[in-house]
Amino acid sequence: MTGYKGPERVLSGIQPSGGMHLGNYLGAIRKFVDLQTEMDCFYCVVDMHAITVWQDPAKLRAQTFHIAAAYLAAGIDPKVATIFHQSAVAAHAELAWIFNCVARLGWLDRMTQFKDKAGKDKERASVGLYTYPTLMASDILVYKATHVPVGDDQKQHLELARDVAGKFNRDFSAPDFFPLPEPLIKGPGARIMSLRDGTAKMSKSDPSDQATIYLTDDADAILKKIKKAKTDPEPLPSEIAGLSGRPEAANLVGIYAALSGKSDEDVLREFGGSGFGRFKPALADIVVEKIAPIGDRMRRLEEDPSYLRDVLISGAQKAGATAEATVRDVKEIVGFVV
Ligand code: AQP
């Protein structure tokens with residue numbers, strides 16, 4: 001633990017690498033909305049992370065606006081929280097280089113996301129995909145963020161950010177300089193799985209459109225995807241223990257619980273003994289009720305990219321002031337001429 005005494009601050013981000021989905025909403029954005037009135041919050045569209053795998057340039061820009069629209073449509077107020085895009089604040093890249101010199105190869109070698117995304121042919125993966133976690137550490141620590149709301153899949157990267165902060169503080173005898181950021185992972189929705197495979201996370205880059213509920217899906221599409229969602233032939237159990245070994249059933253119950261504000265136990269109390277023929281329409285109703293209005297607002301916002309650009313640029317100016325002050329201090333600490 002450091003003796004860090006700075007203010008409590010939140011940083012999190014989403015990659016503009018595809019359509020925003022229910023997992024991004026429940027695992028991340030919904031938490032962003034709740035936190036904005038509790039702490040000083042920085043919410044980033046992490047476009048530099050997105051290009052660690054190939055992105056079509058024209059789509060990348062549109063997808064950056066898409067994430068900004070999702071932030072606003074879900075209820076993040078740009079007058080309360082700072083919304084911006086990563087590439088507009090050069091301090092992220094500057095600090096990331098210094099962190100590349102602090103982090104150890106062995107730490108990066110252990111990152112499971114690199115292994116998953118690089119696949120079998122890791123020689124052909126970009127260097128950026130490999131060093132992604134040090135850029136993420138920089139995103140967080142350039143704001144000296146103390147709290148990071150993320151889904152369960154980002155836990156390992158956050159541990160690496162804590163390791164980088166701790167090593168920097170020790171190496172440069174600056175024990176209180178960086179906080180050790182705390183993950184905010186727990187809670188319903190931390191890990192939403194694919195509708196086609198209950199063991200794989202719901203993801204923007206899933207090749208099957210049927211696996212993912214996008215925030216911009218209309219009521220009809222949501223209903224169809226949930227009707228087609230993979231399940232097993234058994235009715236829902238009445239107790240949590242009965243979900244073990246049934247990942248698809250557990251995922252659908254988890255989604256219902258996360259959206260209704262009920263516990264998994266309560267959902268099973270209500271639907272235990274019912275088949276999916278009764279449960280799926282109830283699930284579709286609640287997904288439509290909670291998600292379709294966000295999608296409607298997103299579509300309207302995306303019709304006005306110049307407004308979205310203004311929000312991002314003015315957020316980047318605010319974020320830049322904080323980030324540049326950190327980088328100035330870091331340069332002094334490491335011995336650069338400033
Ligand atoms: N399935 C999920 N369940 C809960 N949380 C999730 N998140 C992503 N998928 C789920 C959370 O959303 C935030 C933003 O994620 P990201 O877009 O930056 O990166 P990702 O985790 O790699 O998301 P995807 O959808 O899987 O993107 P691609 O396909 O491009 O790799 C994070 O807080 C993440 O935890």
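Values below: every heavy atom of this structure, side chains too, minus hydrogens, waters and symmetry copies. Ligands are counted one by one from 1 in listed order, and the atoms in each one are counted from 1 as well.
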(message) If I apply the N/O under 3.5 Å rule, does Ser203 come out as touching ligand 1?
(response) yes
(request) Flag Asp153 as yes when one of its N or O atoms lies below 3.5 Å from any N or O atom of ligand 1, and as no otherwise. (result) yes
(request) Report whether Ile213 and Val288 are members of the same hydrophobic cluster (ILVMFWY, side-chain heavy atoms less than 4.5 Å apart, transitive linking). (result) yes
(request) Heavy-atom distances under 4.0 Å are what count here, so tell me which part of Arg191 touches ligand 1: side chain, backbone, both or neither. (result) backbone
(message) Using a 4.0 Å cutoff against the non-hydrogen atoms of Gly13, which atoms of ligand 1 qualify?
(response) 14 (C)
(request) Indicate the ring-plane relationship of Phe168 and Phe99, choosing parallel, tilted or perpendicular according to the 30° and 60° boundaries. (result) perpendicular
(request) Tell me, please, whether Phe276 has Lys227 positioned over its six-membered ring: NZ or CZ under 6.0 Å from the ring centre and within 45 degrees of its axis? (result) no
(request) Have a look at ligand 1 and work out which part of His49, if any, has a heavy atom under 4.0 Å from it: side chain, backbone, both or neither. (result) neither
(message) Below 4.0 Å from ligand 1: does a non-hydrogen atom of Lys117 turn up there or not?
(response) yes
(request) Please work out which of Thr212, Ile185, Ile192, Leu26 has its closest non-hydrogen atom nearest to atom 2 (C) of ligand 1. (result) Ile192
(request) Give a yes/no on ligand 1: does Asn24 have at least one heavy atom closer than 4.0 angstrom to it? (result) yes
(request) Assess whether ring-ring contact (aromatic ring centres under 6.0 Å, His included) is satisfied between His92 and Tyr143, documenting all intermediate values. (result) CA-CA 9 Å; His92 289 236; Tyr143 300 99; 5.4 Å; yes
(message) So for Ala190, does at least one of its heavy atoms come nearer than 4.0 angstrom to any atom of ligand 1?
(response) yes
(message) Using a 4.0 Å heavy-atom cut-off, which part of Ser17 comes near ligand 1: side chain, backbone, both, or neither?
(response) side chain
